*Asks:* 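One structure, pasted below without further comment.
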Amino acid sequence: MKLLFLSVLLPIAALALVTIWLTRKQQQALALREAQWRAAAEAKGWAFDRETEGAFQLMRWQGTTNGVAWTLEYRRGRHRSGGASRRAHRTRWWAQAFQGPSAPVLCIAMNKGQEQPASQFAQGESALAALARKAAGAALDKTLDIYFGQQAGRAVDARRLEPLQGATQTGYFVLAEDAVAATHWLQDGRSAQLEAAVNAPGSALHADEGRPWVLWVGRQVMLANMRPVTSIDDVTRLVDAGVALTNA
């Protein structure tokens with residue numbers, strides 16, 4: 001009986017020790033990375049801090065670049081999807097623009113060459129198409145909350161967003177509450193700046209994979225994606241891209 005007890009206890013104890021060791025190694029690696037991020041941020045004149053927010057670890061950078069005061073937040077944690085626990089990453093950057101659009105403008109990241117979705121609903125749509133539009137709007141509302149946060153999400157009614165007609169923005173599908181006004185607003189230097197950033201190697205907006213979504217609402221411009229921040233270079237690229245759009 002004693003041998004049987006030991007044969008059961010020893011594997012459990014070994015597993016517990018391994019788990020503790022791995023947890024400590026992960027904590028040490030995280031502490032080292034945070035120390036590196038803090039030092040790199042301070043070298044640039046930025047502030048860095050970390051806190052726990054529910055199931056997420058929240059890292060925050062704040063600074064001023066080319067006269068633009070900005071904030072970048074990176075949330076890392078786990079969430080359950082389909083009964084399984086998955087790693088979640090949420091990165092968002094925002095600043096106050098000199099002049100914002102009269103109504104929200106949303107740029108959804110797309111692969112280059114696929115900026116216009118295959119199906120669009122025309123005027124005089126059927127009841128089934130109208131229902132599909134409503135469902136799509138509700139889903140997009142939830143997605144905006146995830147990408148940009150609930151405060152920004154509440155400021156945008158996704159069901160009122162319409163695609164810009166006759167205009168294609170490389171790397172993005174553009175929606176706006178006032179499509180006509182948004183078209184003129186984007187043409188005032190912002191569309192060209194966005195195009196330049198998408199086509200510039202090294203820009204956070206260049207690669208199809210991980211290209212951030214862009215939201216202009218009021219005087220605020222926001223960039224957000226679901227990619228992890230692995231180095232201060234990731235932060236710098238997103239900051240540079242956001243500042244360029246803010247100053248456009």
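As a basis for the values below, the full set of heavy atoms in this structure was taken, side chains included, without hydrogen atoms, waters or symmetry mates. Every value quoted in this text rests on a predicted model; they were computed, and no experiment measured them.
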*Asks:* Between Glu209 and Arg227, is there a salt bridge with N-O shorter than 4.0 Å?
*Replies:* yes
*Asks:* If you look at every heavy atom in Ala40 and Ile232, which pair is closest and at what distance?
*Replies:* CB-CG1, 3.7 Å
*Asks:* Under a 3.5 Å threshold, yes or no: a donor from one side chain and an acceptor from the other, between Thr71 and Trp61?
*Replies:* no
*Asks:* Using the rule side chain to side chain contact (heavy atoms under 4.5 Å, CB included), only one of Arg75, Arg50, Glu73 pairs with Arg60; which is it?
*Replies:* Glu73
*Asks:* Applying salt bridge (Lys or Arg N to Asp or Glu O under 4.0 Å) between Arg237 and each of Asp234, Asp233, Asp240, report the one that passes.
*Replies:* Asp234
*Asks:* Once rounded to the nearest 0.5 Å, what's the spacing between atom OG1 of Thr91 and atom CG of Leu223?
*Replies:* 11.0 Å
*Asks:* Out of curiosity, does Met226 fall in the hydrophobic cluster containing Leu144 (side-chain heavy atoms, cut-off under 4.5 Å, transitive links)?
*Replies:* yes
*Asks:* Do Trp213 and Ile146 sit in one hydrophobic cluster, given that two such residues count as connected whenever their side-chain heavy atoms are within less than 4.5 Å of each other, even indirectly?
*Replies:* yes
*Asks:* Report yes or no: do Gln99 and Arg219 form a side-chain donor-acceptor pair below 3.5 Å?
*Replies:* no
*Asks:* Under a 3.5 Å cutoff, is there a donor and acceptor pairing between the side chains of Gln57 and Thr52?
*Replies:* yes
*Asks:* Examine Trp216 together with Trp94 and report whether their ring centres are nearer than 6.0 Å.
*Replies:* no
*Asks:* Using atom types as modelled and distance alone, determine if a side-chain donor or acceptor of Ser191 lies under 3.5 Å from a backbone N or O of Leu186.
*Replies:* no
*Asks:* Backbone N or O of Leu205 within a donor-acceptor pair of the Arg211 side chain at under 3.5 Å?
*Replies:* yes
*Asks:* Would a single hydrophobic cluster contain both Leu58 and Tyr147, if residues Ile, Leu, Val, Met, Phe, Trp and Tyr are joined by side-chain heavy-atom contacts under 4.5 Å?
*Replies:* no
*Asks:* Would you find a donor on one side and an acceptor on the other, under 3.5 Å apart, between the side chain of Asp208 and the backbone of Lys112?
*Replies:* yes
*Asks:* So, does Asp178 use its side chain to make a donor-acceptor pair with the main chain of Ala181 at under 3.5 Å?
*Replies:* yes
*Asks:* Using 0.5 Å steps for rounding, measure from the CD atom of Glu195 to the OH atom of Tyr172.
*Replies:* 11.0 Å
